[in-house]
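In what follows, a structure is listed as structure tokens, so that the remarks can point back to it.
Every number for a ligand or one of its atoms is a count from 1 in the order of the listing.
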Amino acid sequence: MDLNHLTVDAARTAIQERSTSSVALVESFYTRIQKEDSQIGAYLTLCKERAVEQAEHIDRMAAEGKSLPPLGGIPVAIKDVMCTRGVRTTAGSKILETFIPPFTCTAVRRMEEAGAVILGKLNCDEFAMGSSNENSAYKPVHNPRDLERVPGGSSGGSAAAVAAGMAVATLGSDTGGSIRQPASFCGVVGLKPTYGRVSRYGLIAFASSLDHIGPLTRTVKDAALMLRTIAGRDPMDSTSADIPVPDYVAELQKDVRSLRIGVPKECFGEGLDSEVRASVEAAIQKLAGLGCEVIPVSLPHSPYAIPAYYIVATAEASANLARFDGVRYGFRSAESRTLSDMYRKTRDGGFGAEVKRRIMLGTYALSAGYYDAYYLKAQRVRTLLTRDYEEAFQKVDALVTPASPTAAFKLGEKSDDPLAMYLADIYTVTANLAGIPGISVPGAPTKSGLPIGVQILGKHFDEATILRLAQACE
Ligand code: GLN
């Protein structure tokens, strides 16, 4: 049995039937991390003692013949923007280098309550700001499929860990594409749920109205299992929705025949790489072959999505990041004599260049003289973009688009040009502005051998349909 490439289901069954043990799985993942991760850089912190303890507990249950919980004994890992009690949580930033949270993020807690074993915390762009994982204050992540290329971002560590067999499944966060785009670059499945579907309690905030937590997995079925575990109302997050959580795994049984899928013409224009286009079109053909009705649609405000996103996201980030002042968490500059000097030097030394750029942009967009011209206008555009989707979803059940205009690019290729980096988010940011769910599933392999993600977008709280369509593409 190849212990490092099992699905959630297969691993759980093997532990339950005692053909392997959770401890053996955990050991085998740590061995692989020891061997491979010096080249990949997916992990920032390991918590082995804790993991082995959790695994032993599950193995005892299996030995006693008790039925295991849904994620019983499964080795998983968590993007380092989710707080884990007693385990260092850095958000990929130097300013939180020594931060040990006193509480656990709800999504992580729900995974642990379902029996999952946490191997460690995963590398990411600083405060989840980026599309290549090159903005981590610690080290870049390399794409396991080609070490010269980026894994995508900001959940680069989460995608790379699954792709390299260094975790069965992981959690990531998606503010403008950070689950779907790295999933696309590394050839794994990445799901961003509807806004409010999964609690954000304990997620270090980047842009609160755009942030989402979701799973990265080897298969669509695993994504359904993970979502079922982490979804649902949480009294600790007032934006979490009080809407029943369907059994996403059972929903996968239904076939996709006669579902109407929309193909937005704006997503297939200029700037789209021809291999990506071919792969996404092949997926659409496949769905048509399974009985889906393919309908051309339009999202006319798409050209304004990137500027609107980068105004709203930076504005919210500038407010959220005000709390990192050297008083409450982590790093404090030692060389200051007055309080304001301490704030200044802590933030100057603790934040990286991209984070500073966004704090400045966001503060500017919110300032009295420019609020109407930038922030208010961006919010209006956000409404128009949301209406585009509402109109499209009157005609179709889901939309199929590329997840990213290109396959994984080389490290360093875009890192000197923030605008080129921002433009790579063209197909993902609108779903965050509108709060609709989206999934990236690996499409047909290309000549170059690099993975390409097919993105499927759905109606609010209709994750079940996009999961079904994604499974049909697998
Ligand atoms: N790449 C986008 C950004 O840099 C999205 C990041 C994210 O989803 N966390 O803002």
Side-chain angles (χ1 to χ4, degrees), residues 78-82 91-93 122-136 140-141 150-159 170-185 190-193 195 198 200 203-216 305-318 320-321 351-362 365 378 382 402-406 408-409 413-415 417-440 453 455 457:
I78 310 293
K79 183 178 182 181
D80 212 15
V81 289
M82 282 164 247
S93 180
L122 295 162
N123 202 355
C124 55
D125 284 303
E126 186 174 5
F127 287 101
M129 296 175 186
S131 310
S132 69
N133 221 115
E134 292 165 294
N135 295 333
S136 163
V141 179
V150 303
S154 60
S155 312
S158 304
T170 59
L171 286 184
S173 69
D174 190 314
T175 303
S178 281
I179 290 175
R180 291 159 286 155
Q181 184 254 22
S184 168
F185 282 14
L191 170 66
K192 178 198 88 71
Y195 188 78
V198 175
R200 288 179 295 111
L203 169 67
I204 296 173
F206 162 9
S208 310
S209 77
L210 301 164
D211 292 344
H212 302 67
I213 292 175
L216 292 100
I306 292 277
Y309 168 79
Y310 276 95
I311 297 284
V312 174
T314 56
E316 292 187 22
S318 73
N320 276 326
L321 270 55
F351 289 139
E354 181 61 26
V355 173
K356 288 178 188 162
R357 172 161 36 241
R358 296 201 188 197
I359 291 173
M360 286 194 291
L361 259 171
R382 185 178 190 171
S404 166
T406 63
F409 45 88
E413 198 178 312
K414 295 189 202 279
S415 46
D417 186 352
L419 274 184
M421 193 76 92
Y422 295 173
L423 286 171
D425 301 330
I426 178 106
Y427 301 127
T428 48
V429 296
T430 330
N432 299 71
L433 289 164
I436 60 169
I439 190 168
S440 175
Q455 175 175 245
L457 300 169

Review point. Does one side chain, of K79 or S158, offer a donor that lies under 3.5 Å from an acceptor on the other?
Key: no
Check your understanding: Hey, are S131 and Q181 close enough side-chain-wise for a donor-acceptor pair under 3.5 Å?
Key -> no
Check your understanding: Among R200, K192, R180, which one satisfies salt bridge (charged side-chain N to carboxylate O under 4.0 Å, His left out) with D174?
Key -> R180
Review point. Side chains of S208 and N320: donor-acceptor distance under 3.5 Å anywhere?
Key: yes
Sequence neighbours excluded and cut-off under 3.5 Å, please list the side-chain donor-acceptor pairs for residues 305-315, or say none.
| residue | atom | partner | partner atom | Å |
| --- | --- | --- | --- | --- |
| Y310 | OH | D425 | OD2 | 2.5 |
| T314 | OG1 | Y310 | O | 2.6 |
| T314 | OG1 | I311 | O | 3.2 |

**Study point:** Sorted by chain and number, the residues that approach ligand 1 to under 4.0 Å with a heavy atom
**Key:** A128, M129, G130, S131, S154, D174, T175, G176, G177, S178, F206, Y309, Y310, R358, D425
Revision key, fill the gap. Here the gap from T406 atom OG1 to K414 atom NZ, rounded to the nearest 0.5 Å, amounts to 5.5 Å
